[in-house]
Amino acid sequence: MKSTRTRWAAHVAAWQSSGLSQSAYCRRQGLSLASFGYWRRQLRTDEPDANVPVTRALVPIQVASAPVSLSSPWVEVCLSNGLRVRLPGLVDQASVVSLVRALSSC
């Protein structure tokens with residue numbers, strides 16, 4: 001019989017490769033979103049497996065060449081893992097999404 005930790009680790013891995021949002025994955029699997037989030041945080045704090053390589057990537061961001069509005073010159077992205085990133089207000093949306101996905105896995 002699988003341990004609870006092993007079962008949740010399998011769900012987190014399946015979710016990451018599914019391309020679904022956390023809530024969509026949990027709905028499909030009949031899981032509590034709150035429990036999924038709890039176990040995702042717990043597993044993230046575990047020591048990394050020595051056999052699994054950890055990769056980090058830089059994500060290119062394109063900044064539009066239009067003048068920045070004085071009312072909102074910055075976009076600040078605050079992630080649930082505590083990271084905050086401040087970007088020029090005219091960063092293209094796809095680049096921000098890529099950056100958030102990369103930083104969320106840190």
Side-chain angles (χ1 to χ4, degrees):
M1 185 170 174
K2 286 184 180 181
S3 75
T4 301
R5 182 172 293 280
T6 303
R7 186 170 63 89
W8 281 104
H11 274 299
V12 170
W15 162 71
Q16 287 173 327
S17 64
S18 74
L20 298 171
S21 68
Q22 289 180 38
S23 59
Y25 179 83
C26 289
R27 270 193 307 276
R28 282 192 181 177
Q29 298 298 317
L31 302 172
S32 159
L33 182 58
S35 294
F36 183 85
Y38 169 81
W39 279 103
R40 185 169 171 251
R41 286 187 302 279
Q42 291 301 310
L43 294 166
R44 190 177 4 192
T45 61
D46 287 351
E47 291 296 318
D49 185 342
N51 297 322
V52 178
V54 175
T55 58
R56 304 268 190 246
L58 294 177
V59 179
I61 295 179
Q62 295 177 338
V63 179
S65 60
V68 175
S69 162
L70 294 177
S71 62
S72 61
W74 298 100
V75 171
E76 188 170 57
V77 179
C78 304
L79 303 173
S80 60
N81 61 8
L83 290 173
R84 286 181 170 219
V85 179
R86 188 177 237 196
L87 304 167
L90 297 174
V91 175
D92 86 37
Q93 183 178 2
S95 295
V96 174
V97 170
S98 295
L99 176 64
V100 168
R101 283 187 179 143
L103 291 175
S104 293
S105 65
C106 293

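It should be emphasised that the depicted structure is a prediction, and the values quoted were computed from it without experimental measurement.
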_Backbone of S3 reached by a side-chain donor or acceptor of R7 within 3.5 Å_ =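 No; judged by distance alone, with no hydrogens or angles, the pair does not exist.
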*Between W15 (side chain) and L20 (backbone), is there a donor-acceptor pair under 3.5 Å?*
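Here the side-chain-to-backbone pair exists.
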Can you tell me how far [atom2] of [Y] sits from [atom1] of [X], rounded to the nearest 0.5 angstrom?
X: R40; Y: L33; atom1: CZ; atom2: CG; value: 10.5 Å
X: F36; Y: Q29; atom1: CZ; atom2: CD; value: 9.5 Å
X: Y38; Y: S32; atom1: OH; atom2: OG; value: 12.5 Å

_Just so I know, are the side chains of Y25 and H11 near enough to count as touching, which here means a heavy-atom distance under 4.5 Å?_
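Y25 reaches H11 side chain to side chain.
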_For S17, give me all partners under side-chain contact (heavy atoms from CB on, under 4.5 Å), at least two apart in sequence or on another chain._
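For S17 there are no side-chain contact (heavy atoms from CB on, under 4.5 Å) partners, ignoring immediate neighbours.
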